[in-house]
Asker: 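Provided herewith is a single structure, encoded as structure tokens, for subsequent inquiry.
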Amino acid sequence: MTEFSVSVPAYDAMRGVVAPAEGGTVTVEIVNGAVEIFGDPTSFRDLARLCLALSDPDAPSGAHIHLDEGSGPLDLGSAPLMLARDPRA
């Protein structure tokens with residue numbers, strides 16, 4: 001079985017959530033009320049890094065990342081996406 005691993009720098013309060021990207025392209029669409037995320041393998045590793053960065057125990061409750069269309073990794077025409085650490089947890 002092939003294994004993949006990704007890593008991110010530890011959370012730094014001065015820099016916030018940081019996740020290096022490989023440069024994949026993601027498209028987020030809302031179809032019939034459902035969020036659909038399309039991407040190539042590189043883009044899914046980029047999203048995984050963003051989620052991993054938010055999971056750092058030192059990242060504060062409510063830490064978040066805004067992804068807007070045309071700003072990596074979201075493609076032009078993509079719906080915006082926000083990834084956030086649940087402030088209730």
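Source: prediction; values computed, not measured.
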Asker: Quickly, which of Asp46, Leu54, Leu47 forms a side chain to side chain contact (heavy atoms under 4.5 Å, CB included) with Leu50? Name it, please.
Answerer: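 Only match with Leu50 under side chain to side chain contact (heavy atoms under 4.5 Å, CB included): Leu47.
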
Asker: How long is the gap from OG1 on Thr27 to CG on Leu76, to the nearest 0.5 Å?
Answerer: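 So the OG1 of Thr27 and the CG of Leu76 are separated by 9.5 Å.
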
Asker: Is there a path from Val31 to Leu81 through hydrophobic residues (I, L, V, M, F, W, Y) whose side chains come within less than 4.5 Å of each other?
Answerer: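 Per the 4.5 Å side-chain linkage, Val31 and Leu81 are not co-clustered.
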
Asker: Which heavy atom of Val28 sits nearest to which heavy atom of Ile37, and what is that distance?
Answerer: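 Answer, listing the atom of Val28 first, then Ile37: CG2-CG1, 4.3 Å.
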
Asker: According to salt bridge (Lys or Arg N to Asp or Glu O under 4.0 Å), who are the partners of Arg45, at least two apart in sequence or on a separate chain?
Answerer: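 Partners of Arg45 by the salt bridge (Lys or Arg N to Asp or Glu O under 4.0 Å) criterion, ordered by chain and then number, come out as Glu22.
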
Asker: Please report the closest heavy-atom contact between Thr42 and Gly24, naming both atoms and the distance.
Answerer: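 In this case the closest contact between Thr42 and Gly24 is CG2-N, 3.5 Å.
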
Asker: So, taking the atom named OG in Ser55 and the one named CG in Leu83, what distance separates them when rounded to the nearest 0.5 Å?
Answerer: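 One finds 12.0 Å between OG of Ser55 and CG of Leu83.
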
Asker: What pairs of residues pass the side chain to side chain donor-acceptor pair (under 3.5 Å) test when at least one of them lies in residues 69-79, not counting sequence neighbours?
Answerer: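 Found none.
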
Asker: Only pairs at least two apart or in different chains count here, so list each ring-ring contact (aromatic ring centres under 6.0 Å, His included) that has a residue in residues 63-89.
Answerer: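 The answer is His64-His66.
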
Asker: Tell me whether Met82 is reachable from Val17 by hopping between hydrophobic residues (I, L, V, M, F, W, Y) whose side-chain heavy atoms are closer than 4.5 Å.
Answerer: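 Different clusters: Val17 never reaches Met82 through Ile, Leu, Val, Met, Phe, Trp or Tyr contacts under 4.5 Å.
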
Asker: Specify the closest pair of heavy atoms between Ala53 and Ala19, including all atoms of both residues, with the distance to one decimal.
Answerer: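 Between these two residues, the closest heavy atoms are CB-CB, 4.2 Å.
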
Asker: Which ring-ring contact (aromatic ring centres under 6.0 Å, His included) pairs, counting each pair once, include a residue from residues 15-51, with sequence neighbours left out?
Answerer: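 Listed by first then second residue: nothing to list.
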
Asker: What pairs meet the salt bridge (charged side-chain N to carboxylate O under 4.0 Å, His left out) rule with one or both residues in residues 24-42, with sequence neighbours excluded?
Answerer: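 Every pair satisfying salt bridge (charged side-chain N to carboxylate O under 4.0 Å, His left out) with a residue in residues 24-42: there are none.
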
Asker: What residues, two or more places apart in sequence or in another chain, satisfy salt bridge (Lys or Arg N to Asp or Glu O under 4.0 Å) together with Asp86?
Answerer: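 With neighbours one apart ignored, the set is Arg88.
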
Asker: Pairs under 3.5 angstrom only: tabulate donor-acceptor contacts from the side chains of residues 5-16 to other protein residues two or more places apart or in another chain.
Answerer:
from  : atom 1 : to    : atom 2 : distance (Å)
Asp12 : OD1    : Met14 : N      : 2.8

